[in-house]
Amino acid sequence: MSLAKLPFSTSRVLWTLLASAAIGITMYGLYLAGMRPARLLESGLLAMTPLAFAAVGECINEKSGQINIGIEGIFLISAVSGVYWAEVFNSGVVGVLMGGAFGGAVGAFLGVLNTYGKAEQVIAGMALNIMGSGLFQYLLMAIWAFPGIHIFPRSLVISRVSIPIAGGELAVSPLTLAAIATAVLATLMLYRTLIGLRIRAAGEKPESVDVAGLSVNRIRIMASTLGGFLAGLGGAFMPLGWFGGLVKEITAGRGFIALAAVVFSGLNPVTALAATFIFGFAEGIAFTIVVTPGVKEAIPFHFIQMVPYLLTIAILAVFATSRRFPRALGKPYVRE
């Protein structure tokens, strides 16, 4: 029996153990090659952060019975809006929160479109991605009059905190810690609170929510807004907590990588967090290799850069049909 066919809880544990062993072996091998594991871990955590925010938000959204494949578009819109407001208020933190607010607004609009508008959700998400791509480049020209790139003052980049570890320190963004906390809180909210029960019921058996006198559409719009807000935080984090600038390729398909993490997790936020760390670690290897003398000449950087995307394809191929998703996922609720 393959791992993908095992019961979900068993499969999740086995895949997590295998991934942890692979990461440990890889870090040891890279250490022998002259890399510093702490720097590699820092790069992996930075790459994980936007994916984690988006994946956790999408877990909540899909639990309510909706699909949002427009995370890439939300990333782009929140990245440019976050940088704009960060410059207005001269604060990277305000910029990230404003990016989250814009993401939440887009999520709310998409939620209304999916519920009251009865839109085809996959097509709506693709339209959002296309709109986000065009709007991003338009706003770069309209606001900063420069196509394709904008570099803002370094003072707007959110400072990292140092965490003591064996043999040195680990520089971690506060937003990375917030992403980890968000995954834990989202899990508790979904499985230990009344609102979580209502969200899960809206996705699994929406008629029961209706019979209880609650609005299925309002619950779904709330979940979509929350999912959009978290994706917006991830989008604004990329320029303000990671790259230090805006470029038109800033998302580089990370919205779809976040969706792959959601599929792998079976809509469990903590498992989604673990999956995003695996993706982030793979991307962190590429960033670390390109700045390590002796290694960057031996290993093609662009080949290593392919790893997160190859993982995405593999995970979707293996797990897309083996996970159980809400019964009413992607179906607008119509009262009979």
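Residue numbers run from 1 in the order of the sequence given. All heavy atoms count here, side chains included; hydrogens, waters and symmetry mates do not.
- Listed by first and then second residue, the side-chain hydrogen bond (donor to acceptor under 3.5 Å, both in side chains) pairs involving residues 224-246 amount to none (not counting sequence neighbours).
- Under the rule for a salt bridge (Lys or Arg N to Asp or Glu O under 4.0 Å), R220 has no partner lying at least two apart in sequence or in another chain.
- There is a path of hydrophobic side-chain contacts, each under 4.5 Å, that joins F256 to V122.
- Other members of the cluster containing V184 are L188, with ILVMFWY side chains joined at under 4.5 Å, either directly or via other members.
- Residues meeting the salt bridge (Lys or Arg N to Asp or Glu O under 4.0 Å) test with E62, sequence neighbours left out: none.
- For I123, the side chain to side chain contact (heavy atoms under 4.5 Å, CB included) partners are E120, not counting sequence neighbours.
- Looking at residues two or more places apart in sequence or on another chain, you find a salt bridge (Lys or Arg N to Asp or Glu O under 4.0 Å) between E207 and R327.
- The salt bridge (Lys or Arg N to Asp or Glu O under 4.0 Å) check on E42 picks up R39, with sequence neighbours excluded.
- Counting Ile, Leu, Val, Met, Phe, Trp and Tyr side chains that sit under 4.5 Å apart, directly or through other members, I221 shares a hydrophobic cluster with V112, Y116.
- Separating the CG atom in L170 from the CG atom in L45 is a distance of 6.0 Å, to the nearest 0.5 Å.
- The hydrophobic cluster analysis finds M141 isolated: no Ile, Leu, Val, Met, Phe, Trp or Tyr side chain comes under 4.5 Å of it, directly or through other members.
- Grouped by direct or indirect side-chain proximity (heavy atoms under 4.5 Å, Ile/Leu/Val/Met/Phe/Trp/Tyr only), L197 sits with L194.
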Kindly list each side-chain donor-acceptor pair under 3.5 angstrom involving residues 101-109, sequence neighbours excluded, with atom names and distances?
none

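- Residue pairs meeting the ring pair (Phe, Tyr, Trp, His ring centres under 6.0 Å) criterion with at least one member in residues 140-166, sequence neighbours excluded, are W144-H150.
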